Amino acid sequence: MTEPPAKMWSGRFRSAPHPIFDQWQKSIRFDWQLIDEEVLASKAHALMLEDAGILTHDERERIGHALDIIADNYSERQADIGNDRQAEDIHHFVELRLTEAIGELGLKLHTGRSRNEQIATDLRLYIEFRCRMLLVYLGKWIEQLLVQAKTAGDAVMPAYTHLQRAEPVLVAHWLLAYVEMLLRDASRLEDCMKRLNFCPLGSGAVAGATLALDRTIAARELHFTAPTANSMDATSDRDFVLEYLNALTLLALHASRFAEEITLFATAEFGFVDLPEEFSTGSSAMPQKKNPDLTELVRGKVGRIHGAAESVTLLLKGLPLAYNKDLQETQEPLFAASMEALKMLLVLPPFTRALTFRTDRMRAACETGFLNAMAAATYLVHKGIPFRKAHEKIGNAVRYCIERGCELGDLSLEELRQFGSEFDTDFFAAVTLEATLDCHDVIGGTARSRVHAALVETQQRVDALAAKYGPVGHEQEAAHARA
Ligand code: ARG
């Protein structure tokens, strides 16, 4: 059996690479994570070679079979690949194992292809798979937010602007706000999958394969929409990596806002939520503490995920066409951010399910502080007063109440009439908590009937998402175990 050369490119060189440089430039330390994608893409390439008459049917089958065995052999210990001493990268690794298994035939696989197209293909497959997996867990988190929203019923809480109490809303309305954000994050991931779904195989190193390969065969085999349209673009752009990382950044930002609110609401000052003990930690110094480490970490993860998007942005800037080794630097941030996002989405659904809201405290917070002032001004508008004037009159009444330590609804009709002759006995019904909620009777408003309808409508969108990306398959379970 012919020994494969130690390097994939040693023919032209008189001296071996400096060992320090050699170790440093290798990507096998991290691109072992692409083993499954590399095997899939290699099998698709073999099909094109068979079609072009470079491989016989039998040879192609032997290659395909050997590639499957390689993937299987490492399925439980993929990280071990990273310690391989000889392989330069995952493409080389698979070639080495293949040649060990089937001899010279293994070397034939690298006919008419370049690692430049291979890495571009592997990364697209990797991201597509991650998007699907993240969509499964994002769907689970959204589902738990919806369960909480339904459980909350007509419970109320203050909505804040400038972190000052503004108007009452249904707790469900607040939770549905996060559902909207996360559904947009889901659609961003889906969008990302659409644009990256073109197959670089057959693009060669830069100018296209030097064999007359039918590129549609590989595209079809790997479930891509079509072959990529331009070989220089296909081998050298990583916009799809950045798009994905930006989508993860937005997802992490939304998660951080939720995490921040839960952190605040769990303080003694707010007391709106009880942190579940199984998701909290204690202090080694202060025996009384129950700390919101989970939400603090979620808040903190944005830094790493956005950091990954930042790194990729910077390394793509000004890169001349086409492939440059700089592109290898996209991988570590990509893998790290994917893993962080996945781990975060594994912990958020059970955490959200375990939250208990102190609806008594939330309601009490709505009952003082003039959260019905807008509703009161609206009452005057219905009596024909321009809103600007109504605002002024209610403002005066609020000042009067502050001096007396009472709320608008506590004033007598006589007292109210100091601020306007339009006040009547129906004022008191117009400023109750329920009336205050229900006067926001517009699409997207917090009137109880609107929120009830929104819950039904949102559930339909969430079900549609789950139907596309759930239930969790065995691949997801495997990722779960690895994370
Ligand atoms: N490890 C390389 C990367 O991640 C694969 C492509 C290498 N191509 C090359 N011409 N050196 O980008």
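Whatever order the structure lists them in is the order used to number ligands and atoms, beginning at 1. No experiment lies behind these values; they were computed from the predicted model shown. We number each residue from 1, following the sequence as shown.
With a 4.0 Å cut-off on non-hydrogen atoms, Q331 touches ligand 1 through its side chain and not its backbone.
Taking 4.5 Å as the limit, every side-chain heavy atom of P19 sits out of range of all side-chain heavy atoms of Q23. Contact of the F258 side chain with the W141 side chain is registered, since non-hydrogen atoms from C-beta on lie closer than 4.5 Å. Here the side chains of R195 and F240 are not in contact, with every heavy-atom distance at 4.5 Å or above. Residues I142 and T458 form no side-chain contact, since every pair of their non-hydrogen atoms from C-beta on lies 4.5 Å or further apart.
The closest protein non-hydrogen atom to atom 3 (C) of ligand 1 is Y323 OH, 3.2 Å. Closest to atom 1 (N) of ligand 1 among all protein heavy atoms lies Q328 OE1, 2.8 Å. Nearest to atom 11 (N) of ligand 1 among the protein's heavy atoms is R115 NH2, 3.4 Å. Closest to atom 9 (C) of ligand 1, if we only count protein heavy atoms, is N116 OD1, 3.4 Å.
Backbone and side-chain nitrogen or oxygen atoms of S27 are examined, and one is located within less than 3.5 angstrom of a nitrogen or oxygen of ligand 1. At a 3.5 angstrom cut-off on N or O pairs, R238 does not count as close to ligand 1. For ligand 1, none of its N or O atoms has an N or O atom of H91 under 3.5 Å away.
Every atom of ligand 1 is numbered from 1 in the order shown, and the set under 4.0 Å from a heavy atom of D89 is 1 (N), 5 (C).
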Inset, instruction - Report the C-alpha distance between W174 and F265 in whole Å, list the side-chain angles of each, state the deciding distance to 0.1 Å, and finish with yes or no for ring pair (Phe, Tyr, Trp, His ring centres under 6.0 Å). - result: CA-CA 13 Å; W174 167 70; F265 291 170; 5.5 Å; yes
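In this structure, R132 is not positioned above the aromatic face of F129 in the sense of NZ or CZ being under 6.0 Å from the six-membered ring centre and within 45° of the axis. Under a cutoff of 6.0 Å and an axis angle of 45°, R130 and Y126 form a cation-pi pair.
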